[in-house]
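Accompanying notes for the structure given below.
Position 1 is the first residue of the sequence, and the numbers go up from there.
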Amino acid sequence: MRVLALDYGSARCGVAVSDPTGTLATPLEPVLRPGTKKGFAAVRQRVASLEVERVVVGLPVSLRGGDSAQTVEVREFAARLERAVDVPVELYDERFTTSLALQAGGSASLDSRAAAVLLEEWLARGSTL
């Protein structure tokens, strides 16, 4: 199963995709300003062109597991995306993904590396449809 992960931010949205077997996560170019008409269209285009079967959106919760300042914005983005695409959209706790992406390094954008960490965690969880 091919899955797309998004690390949403109002300026940049990190993007990562799994291989068709749902084993490996690869960071892609981030989408700029995903909340705008043009940026949102770019996210929708990624979903379609990559032929993913599910989208996982990182949910920024506080260290205690509660809502953070950006949580509402991310929930609204995910709900909007779910209405706009033909695949399920799931929220997934993204705590520590950016710090893990920083530690891992790499040449891709930090936002997309964080999306890859998020996707790796989601895949390791053994999520099934």
Side-chain angles (χ1 to χ4, degrees):
M1 167 178 53
R2 187 173 288 240
V3 180
L4 185 74
L6 302 173
D7 182 22
Y8 178 86
S10 58
R12 281 177 313 283
C13 183
V15 181
V17 67
S18 73
D19 66 316
T21 66
T23 306
L24 302 172
T26 302
L28 304 175
E29 283 297 311
V31 172
L32 300 179
R33 300 179 57 208
T36 66
K37 188 175 183 177
K38 183 178 179 180
F40 191 75
V43 172
R44 289 181 59 208
Q45 190 276 333
R46 295 274 179 97
V47 172
S49 68
L50 293 170
E51 300 178 349
V52 299
E53 297 174 49
R54 180 173 299 265
V55 178
V56 178
V57 179
L59 185 64
V61 294
S62 69
L63 292 178
R64 293 184 177 180
D67 285 358
S68 69
Q70 193 177 11
T71 303
V72 172
E73 185 177 349
V74 171
R75 287 184 194 278
E76 289 172 356
F77 173 80
R80 179 180 171 204
L81 184 60
E82 189 163 40
R83 291 188 301 270
V85 298
D86 293 328
V87 298
V89 175
E90 177 181 334
L91 293 166
Y92 190 75
D93 184 350
E94 70 171 20
R95 280 181 281 188
F96 308 114
T97 57
T98 300
S99 59
L100 290 169
L102 276 168
Q103 292 173 15
S107 60
S109 78
L110 179 59
D111 300 297
S112 291
R113 289 187 326 222
V117 170
L118 170 79
L119 183 52
E120 288 167 354
E121 290 177 2
W122 188 87
L123 293 168
R125 181 184 80 173
S127 298
T128 57
L129 293 173

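When all heavy atoms of R46 and P30 are compared, the pair lying nearest together is NH2-O, 4.1 Å. Listed here is the closest heavy atom pair of A5 and A115: CB-O, 3.5 Å. The two residues A25 and E120 have their closest heavy-atom pair at CB-CG, 3.6 Å. Residues P34 and S10 share a closest heavy-atom pair of CD-O, 3.6 Å. Taking both residues in full, the closest heavy atoms of Q70 and G9 are given as NE2-CA, 3.7 Å, listed atom of the first, atom of the second, then distance.
Inspection of the T21 and D19 side chains reveals an N or O donor paired with an N or O acceptor under 3.5 Å.
Separation of atoms CG (L123) and CE (M1) is listed at 7.5 Å; rounding is to 0.5 Å.
Applying the 6.0 Å contact sphere to CD of E51 captures no more than 12 heavy atoms from other residues, nucleotides or ligands. Environment of CZ in R12: sparse, with no more than 12 heavy atoms of neighbouring residues, nucleotides or ligands closer than 6.0 Å. Heavy-atom contacts from other residues, nucleotides or ligands closer than 6.0 Å to CZ of R2 number more than 12.
With a 4.5 Å cut-off on side-chain heavy atoms, R33 and K38 do not count as touching.
Using modelled atom types, no side-chain atom of S18 and backbone atom of T23 make a donor-acceptor pair closer than 3.5 Å.
Hydrophobic clustering, defined by side-chain heavy atoms of Ile, Leu, Val, Met, Phe, Trp and Tyr closer than 4.5 Å, groups V31 together with L4, L6, Y8, V15, V17, L28, F40, V43, V47, L50, V52, V55, V57, L59, V61, V74, F77, L81, V85, V87, V89, L91.
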